[in-house]
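Read through the structure below, which is laid out as structure tokens, and then see the notes.
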Amino acid sequence: MRVFLLQHTRELPDGTDDVKLIGVYSSEQRGRAAITALLGRPGFCEHPAGFELSPYDLDATHWADGFASAGDYAF
């Protein structure tokens with residue numbers, strides 16, 4: 001089964017990203033409807049390009065290879 005994750009990202013003055021998980025939707029159409037509903041809201045209307053709607057498979061391991069922290073690398 002596939003769902004659709006809706007996130008919104010904006011860059012803060014210090015250069016970091018502020019990422020919000022808005023919701024998880026059963027269809028792309030419902031996710032797009034949520035974007036339309038949020039576009040006029042404070043914060044979102046100033047950053048309309050920050051929305052990202054991504055398909056996401058359920059019951060799947062998405063980080064199967066593990067990960068390394070920045071401190072694990074020698075520069």
Side-chain angles (χ1 to χ4, degrees):
M1 178 177 202
R2 178 171 281 179
V3 295
F4 291 83
L5 297 177
L6 178 58
Q7 297 184 89
H8 186 272
T9 304
R10 67 180 176 118
E11 187 175 338
L12 297 175
D14 67 2
T16 60
D17 287 338
D18 174 34
V19 181
K20 295 171 184 61
L21 175 60
I22 305 299
V24 181
Y25 299 89
S26 60
S27 70
E28 183 175 5
Q29 180 181 9
R30 288 176 186 239
R32 295 208 179 280
I35 293 171
T36 300
L38 292 170
L39 277 172
R41 302 279 175 98
F44 297 122
C45 64
E46 288 87 13
H47 303 278
F51 289 101
E52 181 181 350
L53 185 62
S54 305
Y56 205 79
D57 292 326
L58 293 179
D59 298 326
T61 302
H62 296 274
W63 284 94
D65 294 334
F67 65 93
S69 299
D72 295 340
Y73 294 101
F75 293 100

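Just the heavy atoms: all of them, side chains too, but no hydrogens, waters or symmetry mates, feed the values below.
Counting only residues at least two apart or on different chains, the ring pair (Phe, Tyr, Trp, His ring centres under 6.0 Å) pairs with a member in residues 22-46 are H8-F44, F44-F51. Annotation: salt bridge (charged side-chain N to carboxylate O under 4.0 Å, His left out) contacts involving residues 29-52, sequence neighbours excluded, comprise E28-R32. Each side chain to side chain donor-acceptor pair (under 3.5 Å) pair with one or both residues in residues 12-24, not counting sequence neighbours, appears once here: R10-D18, D14-T16, D18-K20. Applying the side chain to side chain donor-acceptor pair (under 3.5 Å) rule to pairs touching residues 56-65 yields R2-D57, sequence neighbours excluded.
Closest non-hydrogen pair, P48 versus L39, comes out as CB-CD2, 3.8 Å.
Atoms CG and CG, on L21 and L6 in that order, are 8.0 Å from each other to the nearest 0.5 Å.
Taking Ile, Leu, Val, Met, Phe, Trp and Tyr as hydrophobic and joining them when side-chain heavy atoms fall under 4.5 Å apart, one finds L12 isolated, its cluster having no other members.
Side-chain heavy atoms closer than 4.5 Å link hydrophobic residues (I, L, V, M, F, W, Y) into clusters, and following such links, even through other members, never connects I22 to V19.
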